[in-house]
Structures are given as structure tokens and as C-alpha cells.
Amino acid sequence: MDARPPASARRLTAGLLVGAPVLLLVLFTLGGLTEERETGIPTVPFVTLLSLPLDIWIRDLAAALTVGLLLVGLVLAPRPDRSLARKASLAAVVWAVAVLCQSVLTVSEVLALPLGSSVDTTRVWSLVAQTDLGQVMLGQFALALVVALLAWVVQTRVAGLLLVLLVAIAAWLPGLTGHSGIQEGHAAASIGLGLHLVFASVWVGGLVATAVYAGSGAPGAGVVLRRFSVVALVSVVVIAETGLLNAALRLDGVASLVTSAYGTIILAKVTVLIVLIGWGWRHRRAIAKQWDAHQGVTVLDARFRGLFLRWGAWELLWMGVVYGLSVALSRTAPPGPAYPGDRVTAGAITLLVLGLPMAVGFINARALRAPALAYRYPETAAVAAILAIVIAGVGVPSALAEVTVGAQIGALIGAVLLVAAGWVLVTVLSAGPALPATIVAMAAWPVAIWWIERDALGGLNSGTWATVLLAEGLLAWLSFRPRRSSTVETPMIDDGPMSDDGRAVTEVTSA
Ligand code: HEM
């Protein structure tokens, strides 16, 4: 029965790895990987700037896998699953090692020391003994090791439940650090971030574990899938709520959401979360018919498993992107108060104009409708949209902020205008090949961004041009992506692995 398909498990985990390039790309464009050399001041070495975020990313993923594998293996499975518990133990060891490396790298970062000099027990112990961050690391390290040991001996569901509680505490601990900072006394931020981390781990690690379990053809896979589906739904709600709460506590309103790098990463996370919700919903729909038709089913047939794993692999790819963005967020300083005249960042423009409409269109293609005139004159619509972007990106927020209504309302109106302009642009371009309109949009986009960012402090940098490249790629994809059917009503629908609307899901055998 233990015919586990390693290829599928490897493919699933491979999706999560996309987070590493995403993380490094974001940090690179924000200057987070550049050594700051100033005479007389010690410099944090490049190798530390590079390794610390990667190490935190490994820590977060290892934590997620430990939580998910234990939850599915010891609590959701009909009988405790030794194989998943052993994998969880391995993940917990990786987690503990990542925390250990984090302590050395943190010494190197805080004291601006070369890595060699930071591997020093006295210095590491000072960090652990004297700082909240160090104590959180110590707690996580100890708990991860305890979990790694206990995962081998736990046999019953009650003991499994207690172990899951223990691992949840370990996953929650970094909530006390990050930008919430216990020393600042932000209880809501700390508890909220802790919950955010626990439920993100449950969702991501739980999906990996469910896929591994279902992929193995183990008896009870149907039960696990149904139970995890409920857990995933709860997790998404908690993640969104605590994420937005934390964002609200760190940002000075809508203005810093659209004018700062920190706010831009949050916008990116919201966009990916919308895509993930859409993906989860379509995944569910793809298998729902069979679920309803086979109540009480426990063993999944091979084609059903294949379908589930294919969807799961794509979902994990997007989750990998969120993890990369999350660690980049935790390495980016939250912005100060907003000022009239702050410019909307190039990244926020890309996300508001292209990202959000595309993500919403992915969930419900029918939401993407533009006035009929826009379809009749796509080039004019593209020119109008680009003009609106320039006005919304630069004119509206500064003018309104300086004249009457203040920076927040100015930014809000600017953001709404950007989304509206994007709605028209995305709808028109995705309705069918419209070469002249695409050329207009692709040629005008860099000019518009240059115009908007040209006087902004640090406005035109490598990050700006990286987002321009991303936008150009999205515009080209919108116009030239392969279409199964090109109707105006369903421009964004791409049935992907669900082309048969669930009909590919075949007989599910009863246990
Ligand atoms: C509405 C969407 C979301 C918002 C607004 C949001 C917001 C935040 C904020 C404000 C932080 C704190 C960063 C800091 O310390 O400054 C954070 C951290 C984090 N988020 Fe989210 N988040 C969202 C969705 C997600 C999703 C979908 C996941 C994963 C499934 C996720 C995983 C994480 C992780 C792992 C961290 C901790 C990163 C670290 O410190 O190592 N978030 N998020």
C-alpha cells in the first residue's frame, strides 16, 4: 500500500522553491542585497545580506512542513500515519538548524561582522541572553528539537493533538519579533502575526501533507481531503484577517500602501492571495462533483489523484511566491507617515492596474466587462487607460493632498482610478488579439512610469525598471496567451487542468 510516488512529491515541493528567486529579486530591487559602505562605519557583509533572508525562508518553510505533516498525519488521518510523522521529524530538524544559522547570521548583521567572526559562542549567547529576538530563537530551537524527537514516539490521536499544539506554539513564536516587536508593546500585532504564521503553516504545510498522503493511495485519503478542505477554508480566512490587521498596524493608511515599498509588497501579497483563493475554489469545483457522488469514499483512484496533485502543484507554486514575498516583507522597513506629494510606486501601479484586475478575472471572468465602446475601439481605450494611469499615478494624489482633502483621500481616489483604468485595459486586451492596442499599451507604459516617477525621491531605479519589465510581460501575455475560446464574456478563463469541468475526475473507489 505504501507505493508513494516520489516524482509527485518532488514536483509539489519544487513549486514552493520559486519563493527563493522571488525573495532575492524583491530584495535586490529594493537595495536589500547591497553592502552600504561608509567610512568609519562597519559594513554588513554581502554574504550575510544574502544568506539571512534565505535562511529565514528555509526556516518558515520547514516550520510549515512540520506543522502540516503532523496535523495531517496525526490528527486528520483516520489512523496516525507513521510515515508523515517521520517526515515531520526531518522537517523539524531542518527548522532547528535554520534557527541555529539564523542566530549566527543575526550576530553578523547586528554587529556588522564577517561570518567567520560571528560563529562565536560568546557572541551568539549574548544575542540569545540579551535580546527578545534571541530568546524567541532559543525557544523555537528547543521546541523544534523536542517536536523532532516526539514525532517518532507519538502513537495515539490525543498525543498527536498535543504535539500539534506544541508545534503551533513554536510556529507562533516569531510573531513576537518581526516588525511587531514585543518591546513596543503591540500586543495585537504580535498575537495577530503569530496567528498569521500558524495558519499560513497549516495551509501550506497541510496542502503538501494532504497531497503526499493522497498521492500515496493510502486508505482514508478521501476522508483526509474532506477534513483538510475545511481546515484550509478556516486558514484562508484567518490569514487574510490577521494579514490585513498587521498591515493596517504598520501602514499609515492607503497612502503608504501605494507609495512605499512595504505597502507595495503587501499589495502583491493580497493579489496572490486572491489568485490562491480563485485557485482553491476552482480546485474544489474540479473535484466537487465526484465528492458529492461518492459520499463515504476513502480510497482515491489514480486519475483522481493525478488531478488533485496537478492542481495542488500549481497552488503550491503560488504559495511559494507568497512565502518569498513574506520574507522580503519582513526584511523591509515599514514606512513612516505619508506626505502630500509622495508618488505611487511603479510596483503599486503594476499591481493595481494589471495585478488586481487579472486576479479577480481569474476568479470570475464575468467580472471583467468594459463599456461596449472600449471593445469597438481598443486602441483608443488603451490610450485613454494609459492617460488615466498618468493622471491617477501622479496628478490626483499630489493635487488632492495639497489642495483640500489630504494625502489619504487623494491616494484612495488615485488608487480607485488606477484600478478602473486597469479594468478597461485588461478587459480589452484579454478579449482577443488586439495588436495595435497592445503595441500602444506596451510602448506607452515605460514612458508613463518614467513620467510618474521622474522627480520622486529614489523613484527611477533598478526596481522601477524591473516592474516595467514585469508589466510588459503581463501586457504581452494578456494579448497573446493561447486561448481555448475567445469570447468577450470569458476573457480570462483558462480552464487549465480542469478543462472538463470536473468530468475528468473519474470513479472513486469505495473502501
Ligand atoms: C491579505 C493577504 C496578506 C497580508 C495583508 C499579509 C500581511 C503580512 C504582514 C504585514 C506580515 C508581517 C511582516 C513584517 O514582519 O513586517 C506578514 C508576514 C508573513 N506572512 Fe503574510 N500577509 C498576507 C497573506 C499571506 C499568505 C497567503 C501567506 C502564506 C500562505 C502569508 C505568510 C506570511 C509569512 C510566512 C510571514 C512571516 C515572514 C517572516 O517574518 O519570516 N501571508 N504578512
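Order of listing sets the numbers, starting from 1, for every ligand and every atom in it. Positions are given from 1 along the sequence.
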Worksheet item: What atoms of ligand 1 come closer than 4.0 angstrom to any heavy atom of I239?
Response: 24 (C), 25 (C), 26 (C), 27 (C)
Worksheet item: With respect to atom 43 (N) of ligand 1, which of Q102, R331, R250, K269 exhibits the smallest heavy-atom separation?
Response: K269
Worksheet entry | Within 6.0 angstrom of E35 CD, more than 12 heavy atoms from elsewhere | yes
Worksheet, complete the sentence: Here the atoms of ligand 1 under 4.0 Å from any heavy atom belonging to S326 are 19 (C), 20 (N), 31 (C), 32 (C), 33 (C), 34 (C), 36 (C), 38 (C), 42 (N)
Worksheet item: At a non-hydrogen distance cut-off of under 4.0 Å, which region of H196 contacts ligand 1 (side chain, backbone, both, or neither)?
Response: side chain
Worksheet item: Which ligand 1 atoms are under 4.0 Å away from a heavy-atom of L244?
Response: 5 (C)
Discussion item. Looking at every non-hydrogen atom in both residues, tell me the closest pair between L70 and A85 and how far apart they are.
Written reply: CD2-CA, 4.4 Å
Practice prompt. Identify the residue among V128, L173, D132, T106 that makes a side-chain contact (heavy atoms from CB on, under 4.5 Å) with M137.
Written response: T106
Practice prompt. Return each pair, listed once, that meets side chain to side chain donor-acceptor pair (under 3.5 Å) where at least one residue sits in residues 41-55; pairs must be two or more places apart or across chains.
Written response: T48-S108
Worksheet item: Quick one: does ligand 1 sit under 4.0 Å from the side chain of T332, the backbone, both or neither, non-hydrogen atoms only?
Response: neither
Discussion item. Can you tell me if, anywhere in L329, an N/O/S atom lies at a distance from atom 21 (Fe) of ligand 1 that is smaller than 2.8 Å?
Written reply: no
Fill in: From A171, G243, G192, A248 - option closest to atom 4 (C) of ligand 1 by heavy atom
G243
Worksheet entry | Within 6.0 angstrom of W318 CH2, more than 12 heavy atoms from elsewhere | no
Discussion item. Under a 4.0 angstrom heavy-atom cut-off, which atoms of ligand 1 come close to I56?
Written reply: 41 (O)
Practice prompt. Check if A247 has a non-hydrogen atom at a distance under 4.0 Å from any atom of ligand 1.
Written response: yes
What pairs of donor and acceptor atoms, side-chain ones from residues 22-34 against any protein atom, are under 3.5 angstrom apart with sequence neighbours left out?
| unit_1 | atom_1 | unit_2 | atom_2 | d |
| --- | --- | --- | --- | --- |
| T29 | OG1 | L25 | O | 3.1 |
| T29 | OG1 | V26 | O | 2.9 |

Response to the item:
Filtering V204, L276, N246, V202 for the heavy atom nearest atom 30 (C) of ligand 1 leaves V204
Discussion item. With heavy-atom distances below 4.0 Å as the criterion, list the atoms of ligand 1 near R59.
Written reply: 41 (O)
Worksheet item: Checking R123 side chain against L111 main chain: does a donor-acceptor pair fall under 3.5 Å?
Response: no
Fill in: Proximal candidate to atom 36 (C) of ligand 1 [heavy atom criterion; set L267, I277, L197, L61]
L197
Worksheet item: Which pair of non-hydrogen atoms, one from T264 and one from G347, has the smallest distance, and what is that distance?
Response: CG2-C, 3.6 Å
Discussion item. Within the 4.0 Å heavy-atom shell around D60, which atoms of ligand 1 are there?
Written reply: 38 (C), 39 (C), 41 (O)
Worksheet item: Between Y262 and ligand 1, which residue portion shows a heavy-atom distance shorter than 4.0 Å: side chain, backbone, both, or neither?
Response: side chain
Worksheet entry | Aromatic contact, F362 with W279 (centres under 6.0 Å) | yes
Worksheet item: If you count the atoms of ligand 1 from 1 in the order shown, which ones are under 4.0 Å from a heavy atom of L273?
Response: 1 (C), 2 (C), 27 (C)
Discussion item. Just verifying a value: how many Å separate L133 CG and L138 CG, rounded to the nearest 0.5 Å?
Written reply: 11.5 Å
